[in-house]
Amino acid sequence: MEVVVSGIRSTGNLHLGNYFGALRNFVKMQHESRCFFFIADYHSLTTHPTPSDLKYSVKQVLTEYLACGIDPEASTIYVQSDLPQTAELYLLLNMNAYVGELERCTSFKDKIRQQPDNVNAGLLTYPTLMAADILIHKATKVPVGKDQEQHLEMARTFANRFNRLYSTETFPEPHAFNFGSSLVKVPGLDGSGKMGKSEGEGNAVFLSDEDAVIRKKIMRAVSDSGPTESGQPKSDAVQNLFTLMGLVSDKSTIEHFDESYNNCTIRYGDMKKQLAEDMIKFISPVREEINRIGADTKLLERVMNEGKEKATESANKTLREVRSIIGFRSLY
Ligand code: ADP
Ligand code: TRP
């Protein structure tokens, strides 16, 4: 059976980009593949969270995984740092990861810009840790958003390099995956780029947002001064609003606003009102689940413990093989 691995960093609450880029796929795949979904808390240390923020985020991401429909019976849900075998594989892969290729990685260059005072080695080797997450279970499919494409390419490079170096076929090639189509990039509300936690206040709609907050964020979303002639191409900001509508609204609603854009009668206020209501319809049941599951500490503990056990079994198998290939004594 095909093995699937993915994770989301524990840096706070999840937003619609996380959902449509990654989580939605997790839920769809869990019944047809052997799935491992983890909470990337090692990765989150690159931004130096306080212990209490870290604890909150791990619990929150776990809660939101479950609220979105990941079934802990069907898939393995675990916390990355509960599987220190990943850290060992990370160390081993780092021996064959070259500083030059790590420095050329787009996400590393972005981070240098975002946090110039904290350019730590964890940021540089972020792709190696991510490769270790994937290769520890020998996964071939990795459901992620478009921004993770380059990381997957690097994971393939590290897998192939290890195989070549030791003349083995230990690691299969992992590929980024999205159900039915190309990888997804959900736009933010600020008129530019993608929805993300670190892109500034009001840019992201969170799965835990209250109705009033969703309305406020959408009504403040960037648009433009409106089309002046029919057939005029949409500005990036307006295209973003249509893209968001495409995720949560009915086809007929989108067609209605598309038509009114094309004949220049569109009122962005009306469009945003509709978008806000459709988003609320989508998010409010998820939010209620988040609140319900978040209060069930026993359930969360049980899921983490069972997930750790299942993930450990799979990781030990890989590390046993890898240590023997390298020439180390057997430990696992
Ligand atoms: P953030 O950018 O908010 O910090 P992460 O980097 O932790 O989110 O991303 C977790 C997962 O969600 C990844 O698979 C990533 O590709 C996906 N993702 C995040 N933002 C978006 C987006 N705007 N569109 C599509 N997928 C996204
Ligand atoms: N880098 C991913 C992100 O920012 C999170 C992640 C860490 C991941 N390890 C992974 C995703 C392994 C898929 C597979 O969202």
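The basis for the numbers below is simple: all heavy atoms, side chains too, and nothing from hydrogens, waters or symmetry mates. Atoms within each ligand, like the ligands themselves, are counted from 1 in listed order.
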Just need the protein heavy atom nearest to [atom], so name the residue and atom and give the distance.
| atom | answer |
| --- | --- |
| atom 4 (O) of ligand 2 | Tyr126 OH, 3.0 Å |
| atom 11 (C) of ligand 2 | Gly7 O, 3.3 Å |
| atom 9 (N) of ligand 2 | Asp133 OD2, 2.7 Å |
| atom 15 (O) of ligand 2 | Gln148 NE2, 3.7 Å |

Of all the atoms in ligand 2, which lie at a distance below 4.0 Å from a heavy atom belonging to [X]?
| X | result |
| --- | --- |
| Arg9 | 4 (O) |
| His43 | 7 (C), 9 (N) |
| Ile134 | 12 (C), 14 (C) |
| Ser6 | 11 (C), 13 (C), 14 (C) |
| Val142 | 13 (C), 14 (C) |

[X] vs [Y] side-chain heavy atoms within contact, under 4.5 Å:
| X | Y | answer |
| --- | --- | --- |
| Val184 | Lys146 | no |
| Pro49 | Thr47 | yes |
| Arg215 | Glu277 | yes |
| Asn96 | Phe158 | no |
| Leu189 | Leu244 | yes |
| Tyr65 | Ile39 | yes |
| Ile293 | Leu300 | yes |

Open item on the list: Parallel, tilted or perpendicular, judged at 30° and 60°: which one describes the rings of Phe179 and Phe177?
Closed with: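 Rings of Phe179 and Phe177: perpendicular, as their planes differ by over 60°.
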Open item on the list: For Tyr126 and His43, take the angle between the two ring planes, folded into 0 to 90°, and tell me which bin it lands in: parallel under 30, tilted 30 to 60, perpendicular over 60.
Closed with: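 Rings of Tyr126 and His43: tilted, as their planes differ by 30° to 60°.
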Give one line per pair: atom of ligand 1, protein atom, distance. Only N/O to N/O under 3.5 Å.
residue: ligand 1; atom: 2 (O); partner: Lys194; partner atom: NZ; Å: 3.1
residue: ligand 1; atom: 3 (O); partner: His15; partner atom: NE2; Å: 2.6
residue: ligand 1; atom: 3 (O); partner: Lys197; partner atom: N; Å: 3.1
residue: ligand 1; atom: 4 (O); partner: Arg9; partner atom: NH2; Å: 3.0
residue: ligand 1; atom: 6 (O); partner: Arg9; partner atom: NH2; Å: 3.1
residue: ligand 1; atom: 8 (O); partner: Asn18; partner atom: ND2; Å: 3.2
residue: ligand 1; atom: 9 (O); partner: Asn18; partner atom: ND2; Å: 3.4
residue: ligand 1; atom: 12 (O); partner: Asn18; partner atom: ND2; Å: 3.0
residue: ligand 1; atom: 14 (O); partner: Gly145; partner atom: N; Å: 3.3
residue: ligand 1; atom: 16 (O); partner: Gly145; partner atom: N; Å: 2.8
residue: ligand 1; atom: 16 (O); partner: Asp147; partner atom: OD1; Å: 2.5
residue: ligand 1; atom: 20 (N); partner: Met195; partner atom: O; Å: 3.4
residue: ligand 1; atom: 23 (N); partner: Val186; partner atom: O; Å: 2.8
residue: ligand 1; atom: 23 (N); partner: Met195; partner atom: N; Å: 3.3
residue: ligand 1; atom: 23 (N); partner: Met195; partner atom: O; Å: 2.8
residue: ligand 1; atom: 24 (N); partner: Val186; partner atom: N; Å: 2.7
residue: ligand 1; atom: 26 (N); partner: Gly17; partner atom: O; Å: 3.2

Give the contacting part of [X] toward ligand 2: side chain, backbone, both or neither, where contact means a heavy-atom distance below 4.0 Å.
| X | result |
| --- | --- |
| Tyr42 | neither |
| Val144 | side chain |
| Leu129 | neither |

TODO: Return yes when atom CD of Gln114 has more than 12 non-hydrogen atoms of other residues, nucleotides or ligands closer than 6.0 Å, and no otherwise.
DONE: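 Enclosed: over 12 neighbouring heavy atoms sit under 6.0 Å from CD of Gln114.
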TODO: Taking atom types as modelled, find out whether Asp224 and Tyr268 have a side-chain donor-acceptor pair closer than 3.5 angstrom.
DONE: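 Yes, Tyr268 and Asp224 have a side-chain donor paired with an acceptor closer than 3.5 Å.
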Task: Same apolar cluster: Phe20 and Ile218, side chain cutoff 4.5 Å - done: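 Same cluster: Phe20 reaches Ile218 through Ile, Leu, Val, Met, Phe, Trp or Tyr contacts under 4.5 Å.
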